[in-house]
Chemist: 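Dumping the structure here so I can ask a few things about it.
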Amino acid sequence: MVRRLCILTTGRADWNLLAPVARAAPAAGLPVDLIVAAGHLDPDQGLTVRAIEAEGLPIAARIDWGQGTAATRAAPASVDVLLHCAAHS
């Protein structure tokens with residue numbers, strides 16, 4: 001069984017900590033499922049997902065949590081993505 005690393009990042013603050021791991025893992029033979037969510041997909045926060053894309057890191061999933069009721073509707077999608085990662089790790 002091949003182990004995989006599932007990384008969920010929601011904004012610049014956590015991405016600055018997680019990015020070195022996301023870059024190094026494939027070189028160590030550990031495939032990465034990168035999930036971007038929340039602030040990365042928010043135009044008001046600069047659509048920072050573009051910076052991740054510019055690094056050439058493949059994004060396995062995007063979860064737009066939105067605001068208010070949209071965030072509640074996105075919760076099942078979040079669980080589905082995390083279960084996918086768990087099933088493939």
Side-chain angles (χ1 to χ4, degrees):
M1 174 191 309
V2 175
R3 292 190 171 266
R4 301 183 68 78
L5 179 63
C6 184
I7 297 176
L8 171 65
T9 175
T10 61
R12 287 184 296 242
D14 67 17
W15 180 243
N16 289 335
L17 300 172
L18 296 168
V21 175
R23 290 184 204 111
L30 188 61
V32 174
D33 287 326
L34 180 59
I35 303 166
V36 296
H40 286 302
L41 304 174
D42 186 344
D44 291 338
Q45 294 186 37
L47 284 173
T48 54
V49 67
R50 292 180 181 159
I52 295 170
E53 293 169 332
E55 291 185 49
L57 296 169
I59 297 172
R62 298 165 192 251
I63 303 172
D64 185 359
W65 289 343
Q67 296 178 350
T69 57
T72 304
R73 287 193 305 269
S78 305
V79 171
D80 286 345
V81 169
L82 295 176
L83 289 174
H84 167 79
C85 288
H88 292 92
S89 60

Chemist: Should Ile59 and Val21 be counted in the same cluster of Ile, Leu, Val, Met, Phe, Trp and Tyr side chains packed under 4.5 Å apart?
Modeler: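 Yes, because Ile59 and Val21 connect within a single hydrophobic cluster, where side-chain heavy atoms sit under 4.5 Å apart.
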Chemist: If every non-hydrogen atom of Pro31 is compared with every non-hydrogen atom of Gly29, which pair is closest and at what distance?
Modeler: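 Closest pair (atom of Pro31, atom of Gly29, distance): CD-O, 3.4 Å.
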Chemist: For residues Ile7 and Leu18, report the shortest heavy-atom separation together with the two atoms involved.
Modeler: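 Reported closest heavy-atom pair: CG2-CD1, 3.8 Å.
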Chemist: Quick check: closest heavy atoms across Leu5 and Ala25, and the distance to 0.1 Å?
Modeler: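 For Leu5 and Ala25, the tightest heavy-atom pair comes out as CD2-CB, 4.1 Å.
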Chemist: Report, as yes or no, whether the 6.0 Å neighbourhood of atom CZ on Arg23 holds more than 12 heavy atoms from other residues, nucleotides or ligands.
Modeler: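 Correct, the count exceeds 12.
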Chemist: Quick one: pull up CZ in Arg3 and CG in Leu30 and give me the separation to the nearest 0.5 Å.
Modeler: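 Here the rounded value is 9.0 Å.
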Chemist: Write down the atom of Cys6, the atom of Ile35, and the distance for their closest heavy-atom approach.
Modeler: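 It is SG-CD1, 3.5 Å.
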Chemist: Give me the atom names and distance for the closest heavy-atom approach of His40 to Ile52.
Modeler: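 Minimum heavy-atom separation between His40 and Ile52: CE1-CD1, 3.7 Å.
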Chemist: What are the two closest non-hydrogen atoms of Thr9 and Leu34, and how far apart are they?
Modeler: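 Closest pair (atom of Thr9, atom of Leu34, distance): CG2-CD1, 4.1 Å.
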Chemist: Could you measure the distance from the OG1 atom of Thr10 to the CG atom of Asp42? Nearest 0.5 Å is fine.
Modeler: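 One finds 11.5 Å between OG1 of Thr10 and CG of Asp42.
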